[in-house]
Amino acid sequence: MPKASAIQPQPGSHPLGKIEVLPNAIHSIAVEATLTCYGVLGIASPHLRNGQAVLLTPEHSNQGVRIQILDDQLTIDVYVALEYGLRISEIAHNIMSTVKFSTEKMLGIPVTQVNVNVQGLIHGPGSPEKK
């Protein structure tokens with residue numbers, strides 16, 4: 001099984017060793033940052049089922065985040081389900097900035113892009129119209 005591509009937050013050699021961050025750690029940072037944003041009802045699967053968004057359980061939420069590391073540039077794709085009736089563009093921009101800030105703060109490396117993929121809109125828990 002091939003080793004997952006890792007990034008080094010502080011390139012170069014250190015007398016004590018080296019630091020590598022695997023994509024699974026970056027997934028966790030992105031998931032937590034996304035779920036703190038207002039209007040996000042959950043992390044969704046990248047694949048629709050019968051044209052509907054599939055919310056992922058917390059154990060499988062890493063599947064709703066894709067990480068791409070190319071030439072030490074980090075791109076993050078997040079798949080989400082949002083609350084119906086809220087401004088999608090505002091929530092998406094909030095997710096972008098929150099994920100970018102959290103990842104850069106924790107890892108110390110720049111994030112090139114955060115792409116938000118809205119898989120569906122769901123009536124929230126406080127909404128009078130539930131499906």
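Positions are given from 1 along the sequence.
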Quick one: do [X] and [Y] end up in the same hydrophobic cluster if we chain Ile, Leu, Val, Met, Phe, Trp and Tyr together by side-chain heavy atoms under 4.5 Å apart?
X: Val78; Y: Val118; result: yes
X: Val65; Y: Val40; result: yes
X: Tyr38; Y: Val99; result: yes
X: Ile109; Y: Phe101; result: no

Nearest 0.5 Å, what's the [atom1]-[atom2] distance between [X] and [Y]?
X: Thr103; Y: Ile26; atom1: OG1; atom2: CD1; answer: 7.5 Å
X: Leu82; Y: Ile91; atom1: CG; atom2: CD1; answer: 5.0 Å
X: Arg66; Y: Tyr79; atom1: CZ; atom2: OH; answer: 4.0 Å
X: Asn115; Y: Ile76; atom1: CG; atom2: CD1; answer: 9.5 Å
X: Lys100; Y: Thr112; atom1: NZ; atom2: OG1; answer: 7.5 Å
X: Leu22; Y: Ile69; atom1: CG; atom2: CD1; answer: 8.5 Å

Taking all heavy atoms of [X] and all of [Y], pick out the closest pair and write down the distance.
X: Ser97; Y: Asn94; answer: OG-O, 3.2 Å
X: Ser102; Y: Ala33; answer: OG-CB, 3.7 Å
X: Leu41; Y: Ile122; answer: CD1-O, 3.4 Å
X: Ser61; Y: Pro58; answer: OG-O, 3.1 Å
X: Ala81; Y: Ala44; answer: N-CB, 4.2 Å
X: Leu86; Y: Gly39; answer: CD1-CA, 3.7 Å

Could you check whether any side-chain heavy atom of [X] comes within less than 4.5 Å of a side-chain heavy atom of [Y], counting everything from C-beta outward?
X: Thr34; Y: Ile43; answer: yes
X: Ile88; Y: Leu121; answer: yes
X: Leu107; Y: Ile29; answer: yes
X: Ser28; Y: Asn62; answer: yes
X: Val54; Y: His47; answer: no

Check your understanding: Is there a donor-acceptor pair closer than 3.5 Å between any side-chain N or O of Gln119 and the backbone N or O of Ser45?
Key ->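 Checking the backbone N and O of Ser45 against the side chain of Gln119, a donor-acceptor pair under 3.5 Å is found.
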